[in-house]
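Worksheet for the structure shown next.
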Amino acid sequence: MLAEKRNDLAQMEKDLRLIIKRDPDNAMALNALGYTLSDRTTRYEEAKALIEHAHQLNPEDPAVLDSLGWVNFRLGNLDEAERLLRQALERFPDQEVAAHLGEVLWTNGKQREAKQIWGKFLKDQPDSPTLRGTIKRLTGSETL
């Protein structure tokens, strides 16, 4: 994870693949690698396979549900992405999950609901760089 903070995607992938080689059922490593590939590359099918394996191991884990929702979004499966991200947000009300769900809703023509979700989470974390960045990127404004 230190490699990710340094923006060294190659090292992070190498490290996570080593963990997965030693422990093929390490859901945390599978999910971390899958999410990173879906978020920072266009290797979506590979990412989805990793995340689906993690999901088989931990079907209720909100981080895995968030990742599975995000990779489905990247693949253009908006309804499935929305369903999974709603489950993730219900289990883990977090600003990053809210940003993801809001982006899926926004893309799927549900801008009002996206703004409602973002607004709810901005009340608790008004300086969230994840929420603020998502809102600015999609709406062109830092405020709702």
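These numbers were taken from a predicted model, which means no experiment stands behind them. Any value given below was found using the heavy atoms of this structure, including those in side chains, with hydrogens, waters and symmetry copies removed.
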**Message:** Holding to side-chain contact (heavy atoms from CB on, under 4.5 Å), I want the full list of residues that pass it with Thr139, two or more places apart in sequence or in another chain.
**Reply:**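 With neighbours one apart ignored, the set is Trp106, Trp118, Ile135, Ser141.
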**Test side-chain contact (heavy atoms from CB on, under 4.5 Å) applied to Leu57 - qualifying residues, sequence neighbours left out** =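 Per chain and number, Leu57 pairs via side-chain contact (heavy atoms from CB on, under 4.5 Å) with Asp25, Ala27, Leu30, His53.
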**Request:** Find the distance between OG1 (Thr143) and NZ (Lys115) and round it off to the nearest 0.5 Å.
**Result:**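 It comes to 9.0 Å.
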Shortest non-hydrogen contact from [X] to [Y]?
| X | Y | result |
| --- | --- | --- |
| Ala88 | Pro62 | CB-O, 3.5 Å |
| Leu68 | Leu84 | CG-CD1, 3.7 Å |
| Thr130 | Ala99 | CG2-CB, 3.8 Å |
| Ser38 | Ala47 | N-CB, 3.7 Å |

Establish whether [X] and [Y] are linked, either directly or via other cluster members, by ILVMFWY side-chain heavy-atom contacts under 4.5 Å.
| X | Y | value |
| --- | --- | --- |
| Ile117 | Leu138 | yes |
| Leu16 | Val71 | no |
| Phe121 | Val104 | yes |
| Met28 | Tyr35 | no |
| Phe73 | Ile51 | no |

**Asked** Just by distance, with hydrogens left out, do Asn108 and Asp79 show a side-chain donor and acceptor under 3.5 Å apart?
**Response**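 Yes, Asp79 and Asn108 have a side-chain donor paired with an acceptor closer than 3.5 Å.
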**Asked** Does the side chain of Gln95 pick up a donor-acceptor pair with the side chain of Ser128 at under 3.5 Å?
**Response**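 Yes, side-chain donor-acceptor contact under 3.5 Å.
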**Message:** Using side chain to side chain contact (heavy atoms under 4.5 Å, CB included), reason through Leu85 and Leu65 one step at a time and then give a plain yes or no.
**Reply:** CA-CA 6 Å; Leu85 289 165; Leu65 290 168; over 6 Å; no
**Request:** Begin from the C-alpha positions of His55 and Asp61 and carry the test side chain to side chain contact (heavy atoms under 4.5 Å, CB included) through to its verdict.
**Result:** CA-CA 8 Å; His55 186 249; Asp61 184 333; over 6 Å; no
Any ion pair linking [Y] and [X] (charged N to carboxylate O, less than 4.0 Å)?
| X | Y | result |
| --- | --- | --- |
| Glu142 | Lys136 | yes |
| Glu80 | Arg83 | yes |
| Glu90 | Arg86 | no |
| Asp39 | Arg74 | yes |
| Glu46 | Arg43 | yes |

Could you tell me whether the side chain of [Y] reaches within less than 4.5 Å of the side chain of [X], counting heavy atoms only?
| X | Y | result |
| --- | --- | --- |
| Leu37 | Lys48 | no |
| Arg132 | Asp127 | no |
| Glu82 | Leu105 | yes |

**Message:** Please evaluate residues Leu50 and Asn31 with respect to the criterion side chain to side chain contact (heavy atoms under 4.5 Å, CB included), reporting the C-alpha separation (whole Å), side-chain torsions for both, the decisive distance (0.1 Å), and the verdict.
**Reply:** CA-CA 7 Å; Leu50 291 161; Asn31 186 57; over 6 Å; no
**Donor-acceptor contact present, side-chain Asn58 to main-chain Glu60, <3.5 Å** =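 Such a contact is absent between Asn58 side chain and Glu60 backbone.
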**Message:** Under the criterion side chain to side chain contact (heavy atoms under 4.5 Å, CB included), I'd like the reasoning laid out for Leu78 against Thr107: C-alpha separation, chi angles, the key distance, then a yes or no.
**Reply:** CA-CA 8 Å; Leu78 299 182; Thr107 303; 4.1 Å; yes
**Asked** Using 30° and 60° as the class limits, which term best fits the ring planes of Trp70 and His100: parallel, tilted or perpendicular?
**Response**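 Judged by the thresholds at 30° and 60°, the geometry between Trp70 and His100 is parallel.
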